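Remember, predicted model here, so these are calculated numbers, not experimental data.
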Amino acid sequence: MRELFDFFIRNSKWFVYAFFIVVSCMLLFHSNPYQHYVFLTSANSVTSTVYELSNNVTSYFNLREINEDLNRRNAALEKEVIDLRESLQRFIEKNYADTLVIDPEVDHFDFIVAHVINNSISRPYNYITLDKGSDDGVKAELGVIDQNGVVGIVSVVGRKNARVISLLNPNLRLSCKIKNSDNFGSLVWDGNDPTTALLEELPRHTTYTPGDTIVTSGYSAVFPPGLPVGIILDDGRDHNENFFTLKIRLFADFTALGNVQIVTNNYAEELKAIEQLDNTDNKKTTRQ
Amino acid sequence: MSKTAIILTALFLVLVPAQAVIFNNLVLFNVALPLVFIYLIISLPVTLSTNWSITIGFAAGLAVDIFSDTPGMNALACTTLAFLRKPVYHLYMSYDDDLLGLRPGISTMGWAAYFKYMLTMVFIYCLMVFSIEAFQFFNIKLLLERTIFSTIFTFIIIYAIDSLSFKRS
């Protein structure tokens, strides 16, 4: 018995060594990675504390790279947002164009839906910029309306954009009439308030009541007749001899223009040609 | 002896977390991994019984394994290294020196012998660890590269640490 003990003690290092080797190999060849005891993995409290402490320091080292990555990602997302917003805009415009109620009278007028990309209301001469240009069929001297009423007339056309003379521009005079009456006047902005304009040169005998609707007269090729422009606010102050002036509240909200339509007149050329013809005829007759 | 125990405990408490936090992330050229914590085993006093050194080696290896989620790998290699410690030591030193019971170092062993001892230990350890790793995907070229370059890298760092502690004492 004593010899046995002696043997164990003398060779104890071999037994200890074998024991640890067996334990190590059991750990090493443990087949299922999900069945480790939690204290034998880096998820235990001591190791996670050490790692957290070191991470408190090292997490600052990569901030520059992380920031760059985030910026790059941010830019990509922003681009995506813009793309999505554009396609959404397209669908809104399409939907808007489809649901638009068009008077049968204005059949020979077509509409190009455009989006306002720049607009001013505070300057004495205001202009609007649209995101449609000659590539989309926009030409100069086309009328622009929105869902509420008349907005302005296209003045300059680029390939992708067009500039519109806003109704809030004294350069623009719009031939208008009171609805259900044939007396017409000329609408012009007085430069004060973006919600109101003046209807000038109305014949003295015109009958009206405040609240009557003002519509386009249709005397020019720019707008079809009967498009709403505004309502009469109050009595005109400026009584001339034969004409008087009314204050009009404009339907179009120039402070919040979004989608507008450009009115294209299919017969505009023809109309212009006829008018030209008349003029030359007149000249001829006078000469004769 | 108690002073040695304190030094060993301190070394354990410093080297194991340092290995986990710093040296495990110091992989050079994707092949050279410094396994610095084996300095603990290398510097065990010569007279310490093999049983103790095996136990300490196993504990250190297991602790590093727990940190780096490689269960058993370092424990197995460290146990073996601790077991081979005395034979390797006596490759370069005579048995007479054992009586002093000193920790291996330049001052106790002399420059050349200590270098050879340390290099042998580091090489054995790196070879073992990367061979155990190679159980999973065997690639002899990669195994040799990792062993050789890790040995060199580990040796340099351990020598640096050793010269620091040597100067302080």
Does CD belonging to Glu3(A) count more than 12 external heavy atoms closer than 6.0 Å?
-> no
Taking the side chain as every heavy atom from C-beta outward, state whether Trp14(A) and Phe83(B) have any pair of such atoms under 4.5 Å apart.
-> yes
Chain A interface, residue from Thr55(B), Asn51(B), Asn74(B) that has the most non-hydrogen pairs under 4.5 Å = Asn51(B)
How many angstroms lie between OH in Tyr17(A) and OG1 in Thr80(B), if you round to the nearest 0.5 Å?
-> 3.0 Å
Value rounded to 0.5 Å, distance of CZ in Phe19(A) from OG1 in Thr79(B) | 10.5 Å
Tyr127(A), OH atom: more than 12 neighbouring heavy atoms under 6.0 Å = yes
Part of Ser53(B) within contact of chain A (heavy atom distance under 4.5 Å) = neither
Residue Glu141(A) excluded, over 12 heavy atoms near CD under 6.0 Å = no
